[in-house]
S.K.: 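Below are the structure tokens for one structure; questions will follow.
In what follows, every chain begins at residue 1, and chains take the letters A, B, ... in the order their sequences are listed.
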Amino acid sequence: MIRVALRGLAGRKLRASLTAFAIVLGVAMVSGTFVLTDTMNGAFDSIISQSYKNADVVVSGKTAFDTDTNGNAVQAPSFPETLLPKVRALPDVKAAAGSLTDNKTKLVGRDGKLVGGHGAPNLAFSVEPRSDQRFNPLVLTSGRWPSGAKEVAIDSGTAGNKHYKVGDTIGIQTRGPVQQFRVVGVVKLPGVSIGGATMSVFDIPTAQMLFHRQGRLDVIRVQAKSGVPTPKLLSEVRAILPSTVQARDVAAQEKRDKKTVNFTSFIQYFLLAFAGIALFVGSFVIANTLSITIAQRVREFATLRTLGATRRQILRAVVIEALVIGTLGSVTGLFLVLGLAKGLNALFKVLGFDLPTAATVFKERTVIVSLLVGIVITLLASLRPALRATRVPPIAAVREGAILPPGRFARLTPILSLITLVLGVLLLGYGVLGHGLSTANRLGSLGFGIVLLFFGVSANASRLVRPLASVLGWPATRIGGTAGVLARDNTMRNTKRTASTASALMIGLALVTFVAILGQGIRSSFESAVDDLLRSDYALTSTDTFTPLSVSDERALAKAPNVTAISGVRAGSARILGKTDNLTGVAPNMAQVIHLRWKQGSAAVPSQLGSDGAFVDHKYAKKNHLTIGSPINIETPSRDRFTVLVKGIFKLPNGGSPFGPVTISNANFDAHYPSPENEMVFVKVRGGVTDANTATLEHQVKGFADAKVQTASQFKTNFEKPLNKILILLYVLLLLSVIVSLFGIVNTLVLTVFERTREIGMLRAVGMTRRQTRSMIRHESVVTSLIGGALGMAVGFFLALLVTHALSSEGIVFAVPWLTLLGFVLATVVVGVIAAIFPARRAAGLNVLAALQYE
Amino acid sequence: MSETIAMPAVAAAEPAPTGPVVSAKDLTRRYGEGDTAVDALRGVSLEVPSGQLTAVMGPSGSGKSTLMHILAGLDQPTSGEVAIAGINISKLGDSDLTKLRRRHIGFIFQFFNLLPMLTAEENVLLPLSIAGEKPDPKWVMELLGRIGLTDRRAHRPAELSGGQQQRVAIGRALVSKPTIVFADEPTGNLDSTTSGEILELMRSSVDAYGQTTVMVTHEPRAAAIADRILFLDDGLIVKELGRSEAHDVISVMEELAGS
Ligand SMILES: Nc1ncnc2c1ncn2[C@@H]1O[C@H](COP(=O)(O)OP(=O)(O)O)[C@@H](O)[C@H]1O
Ligand SMILES: [Mg+2]
């Protein structure tokens, strides 16, 4: 029997490979995700361990917390450099070196623009040019180490991309205007590409000056004398440290550093979710394709039964087929993976997430998980068709036109499909609207709900095929004439088959529609929030809009003659009421540029914050039971603790607030943060937005390559850019599932053409041209995919309605991006046309005589 | 290959039991319900003796196929009982019926029903491989010789003519030495020369191996090779003949058509 199954599969190579293709992309996505994130992790691990080479103990300032709300590492406070000679003097220390690091020091190209950026870090290091570099992870590819003011070494990536060589001059910008430095060396981290990041290296006094850390160090690396155990050295070092400084052995230090790059696991889950969707769609395609092939082989199964095959043997034969198909698809997916991992990385790069990479990491786990996932999904999808195959009665061997018998519960199917649909909707409603659910419960009911919803819609879709096909098929009958009419009627012939083929596409379209509508809702609520809040003419932000700016930019802009009010919004992370959160600061004149609605207090609050006042949003106040006069304890990353009192509570604007939950005065902020930064700066000028005013402002910050003057409306659109990027990323990732469903349509059409060989031969014999044959198949394909599109958009609308309703308290409105949706309809037609290419060619290529003789 | 149904390995080689191989009592079969109901069989009783070729003759629509399906356990009678090799099959479940088929029944179909991806020899051996039995090479050689496909054993059905395909099907029906072989219009899809060859082959399998066979046909020429001919008309057995010539069969048929 196994041989029969395998031989059968070998005899249907085309059909088997078409089926296998349904999971190829999903599996490739799973393994591609693993390869990509493993490779990134490998790169980070190698960067981290290289940065402590030869060190046994690492000394650094203590922080109140390791990472900010975005998961980025916080800068540890520096300590006096006088600690270094003390460490060196310890009996068991062989060598010790101090260094500084900074992520605010940027390279500026000849065009006056920042090198790198787009969220990739700008790393700056110090070096001791005259030491033996035993602790230095960087190596020189040309030139020498910088020594003295105005000398810098830059990374080889920047040198290559921007054509800098030793002897050239390059701009350096840190807390102040751009300064020109001489490139004396080009460096790299051996074995690792740092992605979009840039590096600049200075000697220690220059670094201290640039980083505003005169006489201080960030890190001391210590190497033990040979034979000295690390714990011994560690306790020796610890004994002389002040209370604000800590020492860790290198293993502990690396472990801590690795915690700060855990965003790769977020990327991993994120991408795996899309792989899961592609596989889910793939399972629909497999189940459908297998159902059709099995229906076409009823006679064969029945014959096997008459020859003494048991039901179990039939089941086994089908499952073995699925196993082979699953293995085939999974292995192909694995082969595709290297390409896909590169593609994913390229996609991230295009969208501005250029991450470090090293040698491609292909772990055993990747192979095992990918194969397992692909095979198990295929087997699960094959179960229903396989069970139906076992129900083929032996007598079907002698009956003409025997069809696959209905399942044992066929009578219950309509009820069960309705129940599935209703259950899905209820679970979704519960997950979205239910109050006080734990995150796990909420996600669980959402996940289950959406899966049930898709199953439910797919199971009920066969009843919608006729009405949908007559409406959506109308253009086909107009355009295609007889071929179009036949095509439309063909889609209604086996409504179940059309429904399950369309259902695979439905899933992808439901998700893109949902994303598009939700995105539009977020966008319009953000826009109305900005329109409501913003009273300034201009805004100054970093060139990428989001990276905070040194306060020096604001000071420079304040000197512009046309400025009537300038108001910076400081931002930093802090431990507030025991939780890591964003702390913001405002100038006394804030009310002139931002209009808040006050629940308690008045527009005068920002000007009255002084050195101990704060205002909070009403949700935060409610959650933490804050009222006017409540104290709030704050601790900065460098463990500076202070308390402020609530002086005002404002209504959290729908569509987002420019502030963190707690806002203090800028003066107070600057007193507690060693290098304060503005998230954005709002400016009012005499005469409002004019070209002349814009030019004046731009001229004023010309020396600041990191800053960008924008009008209030430019500011609004720039702020939406990341949202648009995220939407594009989501569309591209969901496209994968759409492609999978496209294969589903190809499969169904190929099988249908095969099944209708005789009929197509007959049509050709009575005068249908090849061209008409092709057009008939194409229209059938387009009508099928339009049915999938219509179902998907309906589901997407429903999901978006549900979610926007739940988020309405956050100010998200239900807004439909009609143009985008029209684009999706066109895309659906394109999917149909593409899917038809191959099957239509096969149908048109049928030999009329052979087709008619075919038995 | 592991099997789900345990069977004594000697099953196929067991001698046919004494007494009738198949016996049917008062078989009726009604298709459909109410006004549109068709009574395909209206009370058929018969016994098929061992080692003989029994032909079931009758005009189209007389109920021949229905009778054969019920005798072979492919279909259930509306009333009446069937026993094969002394086993009452009316009450057997699916897995017992499967067991029975493996051990006692071979089929020859009008449309051959070969598996296209298997070679001629593999098709012939299929019942054994389904049952998880080892073929006896001598018997296989002998059988391939008898069906005249020794030199085409490696061909696929698509590479064989209709007659050759039906030879493969006959080999497949005989390979497990079943208690009884059922053939429904085995020549219905073949030209007359080829039909003659196939009929000869069927006759020779009865003569050489004592293979009990029931053949359904509406062709007098086919009935003429039988040891016994049952005439079916409108769901009833209306006449029985011993070995007869084709023209005798034709006159009985005309007689029936006239009445
Ligand atoms: N599956 C079926 N459903 C309904 N009627 C049937 C079915 N099979 C056969 N019949 C009817 O039963 C009668 C006997 O058919 P059949 O046994 O095929 O006759 P024969 O093989 O002698 O031509 C015919 O009237 C036929 O139409
Ligand atoms: Mg018949």
Side-chain angles (χ1 to χ4, degrees), chain A residues 1-16 293-294 296-321 324 387 389-402 405 408 754 757-758 847 850 853-855, chain B residues 1-5 7 11-12 65-66 68-70 72-76 94-119 122-123 125-133 156-158 162 169 172-173 175-176 178 182 184-185 189 216:
Chain A
M1 273 308 276
I2 292 177
R3 196 179 44 188
V4 172
L6 296 181
R7 280 297 185 73
L9 211 54
R12 294 182 299 272
K13 281 195 197 70
L14 174 69
R15 275 176 274 173
T293 41
I294 281 167
Q296 291 174 348
R297 287 157 62 204
V298 163
R299 187 102 172 255
E300 179 185 321
F301 291 126
T303 304
L304 287 169
R305 293 298 320 274
T306 62
L307 299 180
T310 59
R311 285 188 173 168
R312 260 249 192 108
Q313 282 177 308
I314 301 286
L315 183 75
R316 211 182 298 153
V318 178
V319 168
I320 283 167
E321 266 186 41
V324 173
L387 283 174
T390 66
R391 304 196 60 80
V392 171
I395 196 164
V398 293
R399 284 214 174 117
E400 278 283 326
R408 202 182 320 196
F754 172 78
T757 301
R758 222 181 231 281
N847 179 326
Q853 283 168 346
Y854 171 83
E855 193 266 304
Chain B
M1 191 184 300
S2 71
E3 275 318 310
T4 47
I5 295 177
M7 288 203 326
S65 294
T66 304
M68 195 205 87
H69 297 159
I70 290 173
L74 292 178
D75 197 5
Q76 298 286 323
D94 184 80
S95 84
D96 288 329
L97 266 177
T98 305
K99 218 185 286 187
L100 181 98
R101 265 181 222 124
R102 282 186 181 181
R103 191 168 177 182
H104 294 297
I105 301 177
F107 283 103
I108 299 167
F109 304 99
Q110 182 177 352
F111 295 105
F112 325 138
N113 287 28
L114 300 179
L115 296 201
M117 61 281 187
L118 299 185
T119 63
E122 285 165 340
N123 264 297
L125 296 179
L126 191 55
L128 297 183
S129 80
I130 285 173
E133 285 167 21
R156 305 271 154 119
R172 184 176 67 183
V175 72
S176 55
F182 289 103
D184 190 354
E185 309 271 13
N189 209 31
V216 161

S.K.: Quick one: does any side-chain atom of B:R102 pair with a main-chain N or O of A:G308 as donor and acceptor, under 3.5 Å?
M.R.: yes
S.K.: Shorter than 4.5 Å, heavy atoms on both sides: which option in B:L115, B:I105, B:L114 has the most such pairs with chain A?
M.R.: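 Ranked by heavy-atom pairs under 4.5 Å with chain A, first place is B:L115.
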S.K.: Counting only non-hydrogen atoms closer than 4.5 Å, does A:R297 touch chain B with its backbone (N, CA, C, O), its side chain (CB onward), both, or neither?
M.R.: neither
S.K.: With a 4.5 angstrom heavy-atom cut-off, which part of B:L126 approaches chain A: side chain, backbone, both or neither?
M.R.: side chain
S.K.: B:Q110 versus chain A, heavy atoms under 4.5 Å apart: side chain, backbone, both or neither?
M.R.: neither
S.K.: Within the side chain of B:R156, is there an N or O that forms a donor-acceptor pair under 3.5 Å with the backbone of B:M117?
M.R.: yes
S.K.: Quick check against the 3.5 Å criterion: does B:N113 have a side-chain atom that pairs as donor or acceptor with the backbone of A:A397?
M.R.: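 Indeed, once roles are kept as given, a pair shorter than 3.5 Å links the two residues.
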S.K.: At a 4.5 Å cut-off on heavy atoms, which part of A:L304 comes close to chain B: side chain, backbone, both, or neither?
M.R.: both
S.K.: In Å and rounded to the nearest 0.5 Å, what is the CD1 to CD1 distance from B:I130 to A:I314?
M.R.: 7.5 Å
S.K.: What is the minimum heavy-atom distance between B:L74 and B:R101, and which atoms define it?
M.R.: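 In terms of heavy atoms, the two residues are closest at CD2-NE, 4.3 Å.
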S.K.: Which region of A:P393, side chain (C-beta onward) or backbone (N, CA, C, O), has a non-hydrogen atom less than 4.5 Å from a non-hydrogen atom of chain B, or is it both or neither?
M.R.: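 No part of it gets close to chain B.
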